[in-house]
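I have placed the structure first, in the form of structure tokens, so that the comments after it can refer back to it.
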Amino acid sequence: MKFERFLSAVSKARKPSPIRMATALMLRSPPSTISLGGGSPNPCTFPFRKLYVEISNGTNIRIEGKEMDRALQYSQSDGIPELKDWLKRIQKHFHQPPLMNDSNENELDLCVTVGSQDGLTKVFEMLLSPGDNMLLDDPNYPGSLAFLQPLPINLLPVDTDEFGMKSSSLREALSAWKPSDVLNPNSDIPKVLYTIPNCGNPTGASASTGRKLEIYKIAREYDLIIVEDDPYYFLQFNETVAPSYQQLDTDGRVIRSDSMSKVLSSGMRLGWISGAKPFIDRLVLHQQATLLHNSTLIQMLVWKLLEKWKLEGFQKHLKETKTFYESQKNVMIESANKWLTGLAEWNVPQGGMFLWIKLLGIDDTTELIQKRAMEKEIILIPGSAFSVKENVKSSYCRASFSLSSPENIDEGIRRLAELVREELDRKHK
Ligand code: 09M
């Protein structure tokens with residue numbers, strides 16, 4: 001693949017930072033090396049001494065002495081090597097990326113980011129230039145839309161259904177171009193396809209293997225980069241799950257975003273971007289120029305947790321986490337069946353944290369949810385908040401089953417049903 005074709009002018013112009021190179025050099029050098037080059041503060045002046053963290057099985061993680069000095073210090077922009085090794089092992093286990101097979105182990109690289117939000121915005125900056133056309137799921141995650149909508153680019157919404165992005169809608173969105181336009185450097189043919197393949201936010205939809213194969217085929221035909229935003233990957237309820245786009249990718253056209261937010265901690269802010277090395281190299285230059293690196297302390301904590309748990313312990317934790325969310329989902333579906341039958345429609349999510357509810361007979365839920373729902377003391381997100389194009393009406397709302405108790409889920413859905421009834425009564429008066 002010609003990676004250059006996809007890089008924005010800003011990304012192409014990024015150069016390695018000489019001071020960050022000095023830090024990287026020092027970290028790789030023998031202990032006898034004397035560095036007068038780095039701008040790192042001396043940790044002997046830092047007030048923190050030791051960190052003991054109790055984890056859920058009653059054991060401890062300890063960071064002290066030299067390790068504490070390290071945890072409090074600047075570190076590599078792409079992440080500390082021990083954590084990167086673990087994340088690569090996780091990547092290999094769950095996705096068996098063809099780009100990471102035994103003969104070309106280093107073709108796929110990864111970069112630790114501050115949650116997937118940070119990584120995604122950097123990927124977008126790397127790939128998008130003013131005037132570009134970009135394809136993306138509609139509806140979509142407002143956090144990404146908040147970054148994308150103000151950019152001087154044209155967003156091309158692609159319809160989704162219960163199996164995620166529709167390949168027919170993708171073909172339609174691309175019908176203004178032909179695959180051979182790829183050869184014309186002045187063509188405005190889209191280069192980027194952004195999708196949330198599993199337990200989508202807001203729809204809860206997961207793309208089937210068939211769908212993914214169709215989408216990947218189109219991506220090859222039109223030479224598209226697929227940005228695979230998959231923070232709910234670990235929250236898929238079924239034992240067998242569809243392969244990720246990264247697993248299907250033999251070309252290096254998939255840039256994948258993962259996150260520990262939904263399984264270890266969202267406040268900790270740890271995610272990672274993986275993809276073909278030429279892309280990750282560019283991303284690391286962006287890291288060098290913005291946040292320098294994710295917190296060394298947090299990275300060490302997660303590395304030590306994974307070191308303690310091993311892959312088996314991580315999987316056991318994932319299983320427990322999924323069991324929790326599945327049971328929460330069951331409560332919400334039961335409540336929806338009880339209270340909303342005849343008033344609303346929904347698909348049962350195969351994972352994640354969201355139920356996407358279509359309120360029947362209501363063209364736009366925005367005012368209902370933003371004003372009248374508040375009067376009933378229930379908070380939901382109106383469908384319009386997820387629309388790629390601004391000021392679009394939506395009959396949907398997003399209900400999250402992640403945080404409320406089973407009793408409150410049931411009461412919340414009951415209040416929603418009451419609200420819909422009152423609204424329909426009001427309309428028919
Ligand atoms: N609501 C997310 N989604 C969300 C949300 C959130 C505060 C976050 C998709 O933690 P990160 O950076 O790894 O996650 C970012 C992210 C990326 N991609 C598809 C996501 O759903 C997180 C944070 C308040 C509300 C929030 O509602 O949906």
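Atoms within each ligand, like the ligands themselves, are counted from 1 in listed order.
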Please table the atom pairs, donor to acceptor, closer than 3.5 Å between any side-chain atom in residues 207-215 and protein atoms at least two apart or in another chain.
{"from": "Ser208", "atom 1": "OG", "to": "Arg211", "atom 2": "N", "distance (Å)": "3.2"}
{"from": "Arg211", "atom 1": "NH1", "to": "Asp161", "atom 2": "OD1", "distance (Å)": "3.0"}
{"from": "Arg211", "atom 1": "NH1", "to": "Phe163", "atom 2": "O", "distance (Å)": "3.2"}
{"from": "Arg211", "atom 1": "NH1", "to": "Gly164", "atom 2": "O", "distance (Å)": "3.2"}
{"from": "Arg211", "atom 1": "NH1", "to": "Met165", "atom 2": "O", "distance (Å)": "3.2"}
{"from": "Arg211", "atom 1": "NH2", "to": "Asp161", "atom 2": "OD1", "distance (Å)": "3.4"}
{"from": "Arg211", "atom 1": "NH2", "to": "Asp161", "atom 2": "OD2", "distance (Å)": "2.8"}
{"from": "Lys212", "atom 1": "NZ", "to": "Pro243", "atom 2": "O", "distance (Å)": "2.9"}
{"from": "Glu214", "atom 1": "OE1", "to": "Ser167", "atom 2": "OG", "distance (Å)": "2.3"}

Got a salt bridge between [X] and [Y], using NZ or NE/NH1/NH2 to carboxylate O under 4.0 Å?
X	Y	value
Lys277	Asp281	yes
Glu334	Lys338	no
Glu67	Lys304	yes

Going by the atom numbers of ligand 1, which of them fall below 4.0 Å from some non-hydrogen atom of [X]?
X	result
Ser116	11 (P), 12 (O), 13 (O), 14 (O), 15 (C), 16 (C), 17 (C)
Arg269	10 (O), 11 (P), 12 (O)
Lys262	3 (N), 22 (C)
Ser259	11 (P), 13 (O)

Using a cut-off of 6.0 Å, state whether more than 12 heavy atoms not belonging to Lys15 lie near its atom NZ.
no
Count the heavy atoms belonging to other residues, nucleotides or ligands that lie under 6.0 Å from CZ of Phe48, then report whether that count exceeds 12.
no
Drop me the distance from Asp249's CG to Ser244's OG, to the nearest 0.5 angstrom.
9.0 Å
d(Arg415 CZ, Glu375 CD) to nearest 0.5 Å is 13.0 Å
Counting only heavy atoms, tell me which of Phe354, Trp272, Tyr141 gets closest to atom 2 (C) of ligand 1.
Tyr141
Polar-atom distance check: Asp118 versus ligand 1, any N or O pair below 3.5 Å?
no
For ligand 1 and Ser266, I'd like to know whether there is a polar contact (N/O to N/O, distance under 3.5 Å).
no
So, for [atom], does the protein have a heavy atom nearer than 4.0 Å?
atom	value
atom 7 (C) of ligand 1	no
atom 17 (C) of ligand 1	yes
atom 25 (C) of ligand 1	no

Is the contact between Met353 and ligand 1 made by the side chain, the backbone, both, or neither, using heavy atoms and a 4.0 Å cut-off?
neither
Tell me which part of Met260 gets within contact of ligand 1: side chain, backbone, both or neither, using heavy atoms under 4.0 Å.
neither
Just need the protein heavy atom nearest to [atom], so name the residue and atom and give the distance.
atom	value
atom 28 (O) of ligand 1	Asn201 ND2, 2.7 Å
atom 1 (N) of ligand 1	Arg398 NH2, 4.0 Å
atom 10 (O) of ligand 1	Ser261 OG, 2.6 Å

Do you know the tightest heavy-atom contact between Thr160 and Asp138?
OG1-O, 3.0 Å
Met268 near ligand 1, heavy-atom distance under 4.0 Å?
no
Determine, for Phe314 and Arg89, whether the Lys NZ or Arg CZ falls below 6.0 Å from the six-membered ring centre while staying within 45 degrees of the axis.
no
